[in-house]
Each structure stands twice: as structure tokens, then as C-alpha cells.
There are 2 protein chains.
Amino acid sequence: MANQTIRCIDHGQGGGLECLSIIQTAAPLPGAGEVRIRVAYAGVNRPDILQRSGKYPPPPGASPFMGLEVSGVINAVGDGVPASRIGEKVCALTPGGGYAEAVIAPAGHCMPIPEGLSLKQAACLPETMLTVWANLIERGQLRPGQSVLIHGGSSGIGTTAIQFARWAGAGQIFTTVGSEEKAAVCRGLGATRAIIYKTDDYLAVTQQETAGEGVHLILDMVGGDYLAKNLKALALEGRLVQIAFLQGSKVEMDWSLLMMKRLTFTGSTLRARSSEEKSRLCLSLQQAIWPELSQGRCLPLIYAEFDLTAVADAHRLMESSQHIGKIVLQVNPQLS
Amino acid sequence: MANQTIRCIDHGQGGGLECLSIIQTAAPLPGAGEVRIRVAYAGVNRPDILQRSGKYPPPPGASPFMGLEVSGVINAVGDGVPASRIGEKVCALTPGGGYAEAVIAPAGHCMPIPEGLSLKQAACLPETMLTVWANLIERGQLRPGQSVLIHGGSSGIGTTAIQFARWAGAGQIFTTVGSEEKAAVCRGLGATRAIIYKTDDYLAVTQQETAGEGVHLILDMVGGDYLAKNLKALALEGRLVQIAFLQGSKVEMDWSLLMMKRLTFTGSTLRARSSEEKSRLCLSLQQAIWPELSQGRCLPLIYAEFDLTAVADAHRLMESSQHIGKIVLQVNPQLS
């Protein structure tokens, strides 16, 4: 494959769906500590949309192409990685470039396919589950019995976060969604109360259902007007963990509540972390969640599957926010 | 004393210095778990100014009068407090009412006078040291070798925070001050670099002196325009701890850096905490810092002393921000 070319999705200078095209490019070569994965499936994530539109340039050294998670088979290794790993089926967090027939990933970012899961399911795990793990469990420090509010409950992140919150022993699990259909799915996954934000006010509902105490932890990807409202919805010593700002990160608001209620506002992105930090997160996630997956719990919810050549349809669906759970690209399904 | 009256500072409906007057009021009676302290000295704190001006009403159940810390002698006890404590010299965090000849405090908020310190020095400890302890050490989690930026370095809080940072083994200790005279005092207390904010930009200085890494922890009481600048000044995983918003808590700014650098923004006030929580803080502070005080380290810096009847002069000085360190009211100095 070293001299071969592969098919890969390019987004040129960035923009709307029209900027997407399939190109032939040289198969990438793994560097020291890296592997090359022949891709079976690639997960589609919200940051891909931002990257395509030119708003979220890849960090220095990363692939210029989209795609943050894949499943497939290792077919080449770089220095320091045993050749015996060739042929191993893995799912991996990639430094971009997952929308392709082959992609490079650090060996430490490859995880085994959980027992009983398909390559299609496994492709949906890394980016979403590592993000939820790092933010809801580690950074947000969700503790048994605590209440949590998960915004965007029907997204890939949301459906995973609801299941992780249940796994962590959360008390009340609130989530916000856009329709009754989505609410029903979230309740099925473990949400105590799915609030349809178009008709109900999440601040009023959470205040009422916590007897005025407020929620202990909020996982938010909305930002904008939600920021001030999230502070109001938090209990004393509550934490707000921000993983995206879909409604904007520039906000005018009063912060005195943060001090009066001793709140903590924090957040993180996965992509900006060091490679060592990502390897550590992969190990923590496997130890805690892989056994759950093999028991049929915390499974990824897959809403739609598209051929790699239909990537524009996949992005259109994600931008519509009509999906419930993950969207996945089929690249080489015959690897399964 | 039960049927006696005491002199006490009243601020009427609140406002400027003209609202201050000395009144006679009934000596307060200690409730269950409380003591009454005959006051020798009372510390003056920034929240007193806010309370006087009507911007910081006391929490429910607290004294309507000003004064958050005193030193003196216990002269009455409530149910559950041994009578043997009468006659004990203490310094105490009070739920207001310290600007008076006698004040009530929960027994758990009374601390012994550190060996070798005067009652005048001891009156300056509780509010300031508990605030710095709770925010710089506990909430801010300052670790040995980490860099810290302390705004308002010449205030009571600032002069204490610089000394606590040194005690905690901080690496670089940056502080902001308004004059070279104040800068010299802060350097004497342990500041690595005192930045005169009128001529130097603290963001530029801290970036340069940390080789672009930024500072690990910021203790801020300014707010306003400092908020966005503080985010820029922080290192990856840095923490901003807010203990007041002297320049305002309503701010328009972009929060994307919080997520990209995995920052934590938190803060607290001492007064809003539960009585149990304050008792716990008193114990932690004594264990860690009382031995230091008795060794002549971390001492409060006293800038000026006023008679209780000259409280308006004390407030005028604090509002001028010309002081360096603490301002204290002399109530019954003969108790020493």
C-alpha cells in the first residue's frame, strides 16, 4: 500500500456542502509510535462541520482532512510499534483524516473492538465517548446521587452522556431536546426528565424538580444565551462544563452568581490535548466502559449510515439536527 | 452586661460616609452554640464598604451592623458552650456587628490569639486569612512550583495572599499594584514581580516572564475588563478564582479560550457559606497558619488604626485605596 493511493474526502478552502469532493491521495505513512489503519467505518462529528466550514482549523501537524474517529484494521506500523500489531482490528481517535480509506493514528489512541460490537458500532465510540468521559466524569466529577443536566440530549454526545450519567450513579438526569420523539429516546436511555426546549423552560423545570436546589452539574455545548441561564440553574458549588459554543462564545452577562454560589465554569476540547493525555484518556475509558459495552450497556445509538461518497448527505443531516445519536460513514464495510 | 447597652456603629439606610453614626444599643445575647465577645479591635474589610453603601445586604439572620472580624475577650456563652470559656482571648469571624463594643459569634468561628501576636494584630486575621485560605489554597489549589498572579497586591487580601503563596511553595509570584511604594512592600513580602498596572501591562509581563506559558492561578477581586485579560494570561489548565468584582460583574467577552485552554473559572464569598463550613475553614487555617504566625511569618501588615468613633476616616482611607495592608478599629485596647 506504500505506493498506493487512497480515496479521501477533501473540503478544499472550506465552505458549504459544495466544497466537499472525493480525491485520490498518497496513502499516509505511519511515523514513530504511529500505526496506519485501513478504515472500515468513520464517525461523523460536530467539529467536522466546523472544520469543513473553515471555522475550526486542524492543530499544527494534524491531517488537513476531516475525520476524528474510525474503526478498521492496522495495516502498517511505524518505528517502536511491534509489527505483530498488523492485522489487529481497532477503533481509534485520529488526528484528523478519518474520512479516507486509510488514516494514521498514534498507537496509544487505538482501542480494541469491544467484545460483541461491530466495526460499525466501534467507529462511533472514540471521539464521542472520550469527550463525554473527559468532561462529564473527569472534569465534571459527577458523583453518585448528584443531579445532572445534559443539553443536546439526542446528539451523539447527549445520548452517550445520558448513559454515562446513569452508569456513574447520577440521581436526577435532566436533558434538553427538540421534540417528543427525541425525548422518548432519551428517557429510554436513562434520562429522568427530557425537557422539550421549544415549549418548556429548562430553568423552571430543573428548579421545580430539584425543590429549588438546582442541578449539581451541567454539560453544555450550546453557549450563547444558555450561559447565564446555566448559572441560574446550578446548585451551590455546582459545575458547568462547556464542550462547544454552538450558539456562540461571545456573551454579555453578570457573573456575580458564580461567586455567590461558589460555582465552577470549565470546559475542554479533545483535539487540543497532548497525545500523551489522549492515550491516558483511552486507557481510562477502556477500563471503565469497555466491560459495560460488552454487557450491552452504554451502546452507541446509530441513527444513519452513509457511503463515503455521500458525505455531503451525512453533513446535511448533522446540520439539520434531525438525527438522534450518531452518523457514520461506510468506507470498507467488507473488513468486518 | 445582659442589661447593659453598648456603643455600636450604625449606617442607617446606607450611603456615603455621612450615614455613619455611633449609637447605643442593647448588648447582644449569645444563642445556642454562640459566644459574646467584648471587642478589643475590629478589622475593616472591603465588604464593609459595600454593606455601608447598601450594595451588600447582610444574609438573613446576620447582624444588621457592619464588622466581620474582631479580637477580644469572651464574656458570655450560649447553650452548649462551656462557661469555662468566659475570659478567653480570641479572634473571631463574626456574622456582622463587629464595629461595636460587643459582638456575637458562633463558638466554632473563634480562634485563639496566635502566640506572640497582639490583639490588634489578631483582629486583622479572620476575614482576610480565611478568604485567602479558602480561595488561593483550597479552591485555587495552588501547588508547589506553580506560578500565581495576585491582583490588588497591596490590599489586606493581597498582602496576605502573597505571603500564603510563598508559604505554599509557589514558583513565580506576580502581583499588580498602583505605585512603586506598594510594589516595594509586595516584593518585601515575597512577590517575584510587582507590576504597576498604571504603566505596565500585566498580560505582557506575565507572558514574557513565563516564556509564553502563562500563569497557573490568578486571584482576582477586580473583574470588569480584567476578566477577559485574565483568561489570556492563564496557562493551559489554569484557574481563575474571583473573590470580588470591584470593577463590575457584568461583562461582554468571548469564552472560547476557556474551552481551548481547559481553564477553570470559579470563586466564592466567605459570608455566604454555612456556619459549619466556616468552622471547618477556621480549623484548617489554624492548623496550617497559626504556627507560621507564631514564628513571625505570614504576619498581617497593619497600615492604619482608628478609634471606633473615627470609623468614617477608616472607610475614607479604604475607599481611597492608598493603604497598604489592613485597616483596624480600636474599640477597647485596654483589654490587651
Side-chain angles (χ1 to χ4, degrees), chain A residues 46-47 50 55-57 59 131 134-135 138-141 219-228 230-231 234 236-274 276-278 281, chain B residues 46-47 50 55-57 59 131 134-135 138-141 219-228 230-231 234 236-274 276-278 281:
Chain A
R46 187 67 69 167
L50 295 176
K55 289 176 190 157
Y56 192 35
T131 296
N135 289 288
E138 289 197 353
R139 192 159 284 266
Q141 305 211 5
L219 183 70
D220 185 42
M221 64 292 286
V222 178
D225 292 345
Y226 273 32
L227 195 40
N230 285 338
L231 290 201
L234 283 172
L236 270 183
E237 299 277 358
R239 289 95 63 204
L240 168 60
V241 183
Q242 200 77 37
I243 56 169
F245 285 102
L246 296 180
Q247 297 295 327
S249 54
K250 198 170 177 183
V251 182
E252 182 179 11
M253 59 176 283
D254 190 321
W255 286 93
S256 50
L257 268 186
L258 176 114
M259 199 172 69
M260 301 309 289
K261 296 204 289 185
R262 304 190 293 280
L263 307 177
T264 295
F265 178 34
T266 186
S268 74
T269 66
L270 192 54
R271 205 167 186 188
R273 290 175 189 256
S274 71
E276 294 69 28
E277 180 63 9
K278 288 173 185 168
L281 284 169
Chain B
R46 186 68 67 169
L50 295 176
K55 290 176 190 156
Y56 192 34
T131 296
N135 289 287
E138 289 197 353
R139 193 158 284 266
Q141 306 212 5
L219 183 71
D220 186 41
M221 63 293 285
V222 178
D225 292 344
Y226 273 33
L227 195 41
N230 284 339
L231 290 201
L234 283 173
L236 270 182
E237 299 276 358
R239 290 96 62 202
L240 169 60
V241 183
Q242 200 77 35
I243 55 170
F245 286 102
L246 296 179
Q247 298 295 329
S249 55
K250 198 169 177 183
V251 183
E252 182 179 10
M253 58 175 283
D254 189 322
W255 286 92
S256 49
L257 267 187
L258 176 115
M259 200 173 67
M260 301 309 290
K261 295 204 288 185
R262 304 190 294 281
L263 307 178
T264 295
F265 178 34
T266 186
S268 74
T269 66
L270 191 55
R271 207 167 185 187
R273 291 175 190 256
S274 71
E276 293 69 27
E277 180 63 9
K278 288 173 185 167
L281 284 169

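Lettering follows sequence order; numbering is per chain, from 1.
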How far apart are the C-alpha atoms of B:Trp255 and A:Gln242, what are their side-chain angles, what is the distance that settles it, and do they pass the side-chain contact (heavy atoms from CB on, under 4.5 Å) test? CA-CA 10 Å; B:Trp255 286 92; A:Gln242 200 77 37; over 6 Å; no

Begin with the C-alpha distance, continue with both residues' side-chain angles, and end with the deciding distance and a verdict on side-chain contact (heavy atoms from CB on, under 4.5 Å) for B:Thr269 and A:Met260. CA-CA 6 Å; B:Thr269 66; A:Met260 301 309 289; 3.7 Å; yes

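Between chain A and the residues B:Ala272, B:Ser249, B:Ser256, the most heavy-atom pairs under 4.5 angstrom are made by B:Ser249. Options B:Glu252, B:Arg271, B:Glu237 differ in how many heavy-atom pairs under 4.5 Å they form with chain A, and the most are formed by B:Glu252. Of the residues considered (A:Met253, A:Arg239, A:Met259), A:Met259 shows the highest number of contacts with chain B, using heavy-atom pairs under 4.5 Å. Across B:Lys261, B:Lys250, B:Arg262, the residue that shares the most heavy-atom pairs under 4.5 angstrom with chain A is B:Arg262.
When heavy atoms are compared at a cutoff of 4.5 Å, A:Leu227 approaches chain B solely by way of its side chain, counted from C-beta outward. For A:Arg139, the part lying under 4.5 angstrom from a heavy atom of chain B is the side chain only. Residue contact with chain B, scored on non-hydrogen atoms closer than 4.5 Å, involves the backbone and the side chain of A:Leu258 alike.
Taking OG1 from A:Thr264 and CZ from B:Phe265, the interatomic distance works out to 10.0 Å, rounded to the nearest 0.5 Å.
Atom CG of A:Asp225 is surrounded by 12 or fewer heavy atoms from other residues, nucleotides or ligands within 6.0 Å.
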